[in-house]
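Numbered from 1 within each chain, the chains take letters A, B, ... in sequence-line order.
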Amino acid sequence: MSDENKPVVSNFIRTIIDNHNATKRFGGKVHLRFPPEPNGFLHIGHAKSICLNFGLARDYNGKCNLRFDDTNPVKEEDAYVKAIKEDIRWLGFEWDKECYASDYFDTLYEYAVRLVKKGLAYVDDLSSEEIRAYRGTLKEPGKNSPWRDRSVEENLDLLERMKTGEFPDGTKVLRARIDMSSPNMNMRDPVMYRILHARHHRTGDKWCIYPMYDWAHGQSDSIEGVTHSICTLEFEDHRPLYEWFLEKLEIHKPQQIEFARLNLTYTLMSKRKLLKLVNEGIVDGWDDPRMPTIAGMRRRGVTPAALRNFSESVGVAKSNSVVDVAQFDFAIREDLNKTALRAMAVMEPIRLVIEDYPEGKTEWLEGVNNPEDDSAGKRKIPFERELYIERGDFMIDPPKKYFRLAPGREVRLKHAYYVTCTRYETDSEGRVTTVFARHDPATRGGWSDDGRKVKGTLHWVAVNHAVSAEVRLYDHLFNTPNPGEARDDDAFYAILNKESLKILPDVKVEPVIAACAPGTRFQFLRQGYFCADIKEHSTERPVFNRTATLRDSWAKTKKKS
RNA sequence: UGGGGUGUGGCCAAGUGGUUAAGGCAGCGGGUUUUGGUCCCGCCAUCCUAGGUUCGAAUCCUAGCACCCCAGCCA
């Protein structure tokens with residue numbers, strides 16, 4: 001794997017681990033976990049976290065579990081569990097143990113009893129509104145609940161009865177007894193259990209009380225022997241609570257470490273908003289190629305290596321940042337340039353007739369499949385009198401630096417011949433319909449030994465061997481660099497890029513392109529990287545998704561003049 | 001003076017008192033090229049501000065400023 005030979009860039013988490021290893025805090029062990037909640041699909045932000053956790057485990061000869069944080073049955077589904085596992089494997093990682101927070105519900109309950117017995121947790125009868133009111137504000141301390149000083153016996157009894165389902169949802173909670181005047185809101189007697197008569201995707205109807213994140217997460221880490229619990233910045237304030245539970249319980253205490261989540265320009269990373277795109281049919285499901293989900297990127301044709309290299313390239317730090325999506329595009333191109341097969345496809349075809357080439361003749365010319373990789377071999381390409389070329393590759397009256405075809409101009413047809421434009425035909429509206437040219441038989445294969453230079457090289461497809469394919473050109477879903485900043489629905493709809501998908505129903509492609517298996521990646525010469533759609537492509541009806549464009553310096557010089 | 005964080009080039013990001021302040025992306029200029037692709041070469045910062053400590057500071061101290069997070073029985 002090319003991405004694993006690169007030198008590792010230092011980051012603050014590695015420094016922390018190195019220090020722990022040096023001081024033997026965890027006996028030299030490094031044990032991580034990736035803890036998704038199964039309530040949606042994984043996106044590129046999760047990919048960064050996956051690469052971080054599994055990558056650290058790999059580099060330190062440690063372990064990394066996959067743990068589903070399934071503590072909220074009303075939002076979680078088994079289908080998401082399945083999709084998440086598939087995505088992680090596709091990314092190229094394998095977990096040591098597959099765990100679920102729900103595996104620990106019994107232990108968690110025992111732990112809760114332990115805290116109650118120590119006088120460190122109590123059952124509160126306040127409503128959620130009252131709890132909020134009692135919590136105080138950011139600048140004012142909270143007030144103790146009137147139920148805060150119940151006896152251990154009463155708390156034990158009540159907790160047991162909460163568990164057995166005696167009370168309706170929302171009537172009671174178990175709270176940690178910490179400090180209602182703490183400047184850290186998380187320490188103001190946080191809720192540990194809420195009553196939820198809901199069916200859980202794994203434990204079924206066994207439980208009607210479910211642990212909150214803070215009560216479940218650290219203990220789960222501890223039970224699994226996790227040494228470094230990596231999470232995102234917003235949990236920084238939770239660390240004191242994370243540690244409080246573990247210290248009061250006197251069990252193994254991992255080190256929580258927070259890093260800044262990934263943000264990308266023109267990309268939405270909020271699961272809630274991505275769900276909205278799916279639910280409202282703005283995109284075609286979680287795996288729509290425009291989605292920043294791993295499933296969407298897979299379908300678009302992005303490679304696992306590109307995603308891994310990108311994750312590595314953005315680094316790990318604590319400052320909020322927004323990475324330019326161009327950096328991701330670079331990673332995609334970098335990998336695909338080395339691996340994608342080259343072939344020719346004409347997106348917007350016009351006819352090119354080689355006047356001096358015999359009718360009915362077909363030559364099978366040779367083309368290299370990948371100039372970056374000899375082992376990719378060569379293929380035969382049919383050449384005939386009538387070809388398709390790109391509409392944009394011919395101009396009646398070309399500007400200064402235009403290297404392509406124009407009346408009287410000579411260009412190279414890739415892998416074929418030098419041709420010189422003799423004339424052209426237009427329709428009643430003046431649109432070019434057919435271009436005529438003569439070829440130089442001595443340039444067969446696309447090369448002349450006489451030192452003659454041609455500036456332009458065009459891709460083409462023989463009319464009688466062309467296969468029609470559907471090509472989907474994707475662009476950013478949003479037309480603003482920071483779509484996450486949209487404050488309300490109106491703002492959200494306003495920034496949607498109406499041209500994020502353009503379908504070309506009749507692209508002319510080489511036979512080899514049409515014959516490929518779903519998921520095959522190509523570089524359509526001079527245009528970009530494309531991937532045969534994994535759901536809809538077939539030899540009968542070829543369908544390609546554009547993964548990325550090629551860098552286009554011509555577009556830049558064109559813009560400048 | 002609620003608490004917790006973060007500030008290094010357009011975007012990421014190394015740097016842990018002595019380095020010409022890494023590297024990548026983007027941009028710009030040039031070369032190579034049967035893809036206006038790739039590749040190659042070159043250019044592109046004195047580190048939020050102000051003081052201070054020191055022979056020497058992005059790194060230490062002081063005082064500011066800016067931005068992010070926290071008042072779910074979500075995670």
Chemist: Using a 4.0 Å heavy-atom cut-off across all strands, classify A:Ile209 as base, sugar-phosphate, or nothing.
Modeler: nothing
Chemist: Once you round it to whole Å, what is the distance between C1' of B:U33 and CG of A:Asn370?
Modeler: 15 Å
Chemist: Reading nucleotides 16-24 of chain B from the 5' end, what letters show protein touch, with B for base, S for backbone sugar-phosphate only, - for no heavy atom under 4.0 Å?
Modeler: B-------B
Chemist: Could you please name the option among B:G72, B:C70, B:U35 that lies closest to any side-chain atom of A:Leu138?
Modeler: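 Nearest nucleotide to the side chain: B:C70.
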Chemist: When the P atoms of B:C67 and B:C61 are considered, how many whole Å apart are they?
Modeler: 24 Å
Chemist: What's the CG-P distance between A:Asn369 and B:G37, to the nearest Å?
Modeler: 21 Å
Chemist: Check step by step if side chain to side chain donor-acceptor pair (under 3.5 Å) holds for A:Glu363 and A:Tyr417.
Modeler: CA-CA 12 Å; A:Glu363 273 186 283; A:Tyr417 293 98; 2.5 Å; yes
Chemist: Could you check whether A:Ser127 gets within reach of a base, just the sugar-phosphate, or nothing at all, counting any heavy atom under 4.0 Å?
Modeler: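 The residue A:Ser127 makes base contact.
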Chemist: Round to a whole Å and report the spacing from CG of A:Asn186 to P of B:C70.
Modeler: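 Spelled out: CG on A:Asn186 to P on B:C70 is 10 Å.
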Chemist: B:A75 C1' sits how many Å from A:Ile230 CD1, rounded?
Modeler: 18 Å
Chemist: Please state whether the rings of A:Phe105 and A:Tyr210 are parallel, tilted or perpendicular, taking 30° and 60° as the class boundaries.
Modeler: perpendicular
Chemist: Of all the choices, B:A26, B:G4, B:C12, which nucleotide is nearest to the side chain of A:Arg551 once you look at every atom?
Modeler: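 The nucleotide sitting nearest to the side chain is B:A26.
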Chemist: With the side chain counted from C-beta on, respond yes when A:His459 and A:Val346 share a heavy-atom pair under 4.5 Å apart, and no when they do not.
Modeler: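 Of all side-chain heavy-atom pairs linking A:Val346 with A:His459, at least one is under 4.5 Å.
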Chemist: Let me know which of A:Tyr529, A:Phe530, A:Phe524 forms a ring-ring contact (aromatic ring centres under 6.0 Å, His included) with A:Phe544.
Modeler: A:Phe524
Chemist: Less than 3.5 Å between a donor and an acceptor, one on the side chain of A:Glu129 and one on the base of B:G72, is that the case here?
Modeler: no
Chemist: Any idea which of B:G37, B:G3, B:G72 is nearest the A:Asn184 side chain?
Modeler: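 For the A:Asn184 side chain, the nearest candidate turns out to be B:G3.
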Chemist: Just say parallel, tilted or perpendicular for the rings of A:Tyr109 and A:Trp207, cut-offs at 30° and 60°.
Modeler: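 A:Tyr109 vs A:Trp207 ring planes: tilted.
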Chemist: When you look at NZ of A:Lys380, are more than 12 heavy atoms from neighbouring residues, nucleotides or ligands closer to it than 6.0 Å?
Modeler: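 Correct, the count exceeds 12.
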Chemist: Could you check how far NZ of A:Lys139 sits from C1' of B:U1, rounded to whole Å?
Modeler: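 My rounded result for the distance is 10 Å.
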Chemist: When only distance counts, do a donor and an acceptor, one from the side chain of A:Arg404 and one from the base of B:G36, lie under 3.5 Å apart?
Modeler: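 Pair found.
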Chemist: Return the orientation label for the A:His46 and A:His43 ring planes: parallel under 30°, perpendicular over 60°, tilted otherwise.
Modeler: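 A:His46 vs A:His43 ring planes: tilted.
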Chemist: Assuming nearest nucleotide by heavy-atom distance, tell me which of A:Phe328 and A:Lys48 is located more 5' along RNA chain B.
Modeler: A:Lys48
Chemist: I'd like to know if A:Gln523 reaches the base of B:U35 with its side chain, counting only an N/O donor and acceptor under 3.5 Å.
Modeler: yes
Chemist: Minimum heavy-atom separation for A:Phe167 to A:Ile195, with atom names?
Modeler: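 The answer is O-CG2, 3.5 Å.
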Chemist: Is the charged tip of A:Arg175 near the ring of A:Tyr122: under 6.0 Å from the six-membered ring centre and within 45° of its axis?
Modeler: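 No, A:Arg175 and A:Tyr122 do not form such a contact.
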Chemist: Among B:C73, B:G4, B:U38, find the nucleotide with the atom closest to the side chain of A:Asn337.
Modeler: B:U38
Chemist: For A:Glu372, answer base if it contacts any base atom (sugar-phosphate contacts may also be present), sugar-phosphate if it contacts only those atoms, and nothing otherwise; contact means non-hydrogen atoms under 4.0 Å.
Modeler: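 Contact class for A:Glu372: base.
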Chemist: Looking only at side-chain atoms of A:His238, point me to the closest of B:U38, B:A75, B:C70.
Modeler: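 It is B:A75.
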Chemist: Using a 4.0 Å heavy-atom cut-off, does A:Arg188 contact any base of the nucleic acid, only the sugar-phosphate backbone, or nothing at all?
Modeler: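 Nothing, no nucleic acid heavy atom in range.
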Chemist: Please list each protein N or O that sits under 3.5 Å from an N or O in nucleotides 40-48 of chain B, with the distance.
Modeler:
none

Chemist: It should be established whether A:Ser319 places a side-chain nitrogen or oxygen under 4.0 Å from OP1 or OP2 of nucleotide B:A13.
Modeler: yes
Chemist: Would you indicate what A:His217 reaches in the nucleic acid, counting non-hydrogen atoms under 4.0 angstrom: base, sugar-phosphate, or nothing?
Modeler: nothing
Chemist: Give me the residues of residues 166-176 of chain A where at least one heavy atom lies under 4.0 Å from an atom of RNA chain B, by number, or none.
Modeler: A:Gly170, A:Val173
Chemist: If you only use heavy atoms from C-beta on, which nucleotide in B:U35, B:G2, B:A26 is closest to the side chain of A:Ala326?
Modeler: B:A26
Chemist: What's A:Tyr402 touching, base or sugar-phosphate or nothing? Going by heavy atoms closer than 4.0 Å.
Modeler: base
Chemist: Base, sugar-phosphate, or nothing for A:Val316, non-hydrogen atoms under 4.0 angstrom?
Modeler: sugar-phosphate
Chemist: Looking only at side-chain N and O atoms, does A:Tyr80 offer a donor or acceptor that is under 3.5 Å from a partner on A:Glu37?
Modeler: no
Chemist: Please tell me if A:Arg135 has a side-chain N or O lying less than 4.0 Å from either OP1 or OP2 of B:G72.
Modeler: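 Answer is yes, contact under 4.0 Å.
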Chemist: Where the side chain of A:Asp237 is defined as all heavy atoms beyond and including C-beta, which of B:G36, B:C73, B:C70 is the nearest nucleotide?
Modeler: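 Of the options given, the side chain of A:Asp237 lies nearest B:C70.
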Chemist: Quick check on B:G9: syn or anti? Syn means the glycosidic torsion is within 90 degrees of zero.
Modeler: anti
Chemist: Please state how far atom CG in A:Leu550 lies from atom P in B:U38, giving the value in whole angstrom units.
Modeler: 7 Å
Chemist: Rounding to a whole Å, what distance do you find between A:Lys318:NZ and B:A13:P?
Modeler: 13 Å
Chemist: Of all the choices, B:C74, B:U34, B:G36, which nucleotide is nearest to the side chain of A:Asn72 once you look at every atom?
Modeler: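 It is B:C74.
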Chemist: Side chain of A:Met212: nearest nucleotide among B:G36, B:A75, B:U34?
Modeler: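 Shortest atom-to-atom distance from the side chain points to B:A75.
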Chemist: When all nucleic acid strands are considered with a 4.0 Å heavy-atom cut-off, which category describes A:Pro371: base, sugar-phosphate, or nothing?
Modeler: base
Chemist: For A:Phe41 and A:Trp286, take the angle between the two ring planes, folded into 0 to 90°, and tell me which bin it lands in: parallel under 30, tilted 30 to 60, perpendicular over 60.
Modeler: parallel
Chemist: Under a 4.5 Å cut-off applied to non-hydrogen side-chain atoms, are A:Asn53 and A:Ile230 in contact?
Modeler: yes
Chemist: Roughly how far apart, to the nearest Å, are B:U1 and B:A63 at atom C1'?
Modeler: 13 Å
Chemist: Taking only side-chain N and O atoms of A:Arg194, does any of them lie within less than 4.0 angstrom of OP1 or OP2 on B:C74?
Modeler: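 Looking at the OP1 and OP2 atoms of B:C74, one of them is under 4.0 Å from a side-chain N or O of A:Arg194.
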Chemist: Reckon A:Thr137 touches a base, only the sugar-phosphate, or nothing at all at heavy-atom distances under 4.0 Å?
Modeler: base
Chemist: Could you say whether A:Val322 or A:Tyr529 is positioned toward the 5' end of RNA chain B, judged by the nucleotide with the nearest heavy atom to each?
Modeler: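 Result of the comparison: A:Val322.
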Chemist: Please state how far atom CD in A:Gln527 lies from atom P in B:G37, giving the value in whole angstrom units.
Modeler: 14 Å
Chemist: Base, sugar-phosphate, or nothing for A:Ser321, non-hydrogen atoms under 4.0 angstrom?
Modeler: sugar-phosphate
Chemist: Within the structure provided, determine whether A:Glu390 and A:Glu348 are in side-chain contact (heavy-atom separation under 4.5 Å).
Modeler: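 Yes, close enough: below the 4.5 Å cut-off.
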Chemist: Using the C1' atom on both, measure B:C44 against B:C11 and round to a whole Å.
Modeler: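 The answer is 14 Å between these two C1' atoms.
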Chemist: Under 4.0 angstrom, heavy atoms only, what part of the nucleic acid is A:Ile131 near: base, sugar-phosphate, or nothing?
Modeler: base
Chemist: Give A:Arg132 one of three labels, base, sugar-phosphate or nothing, depending on what nucleic acid heavy atoms sit under 4.0 Å from its own.
Modeler: sugar-phosphate
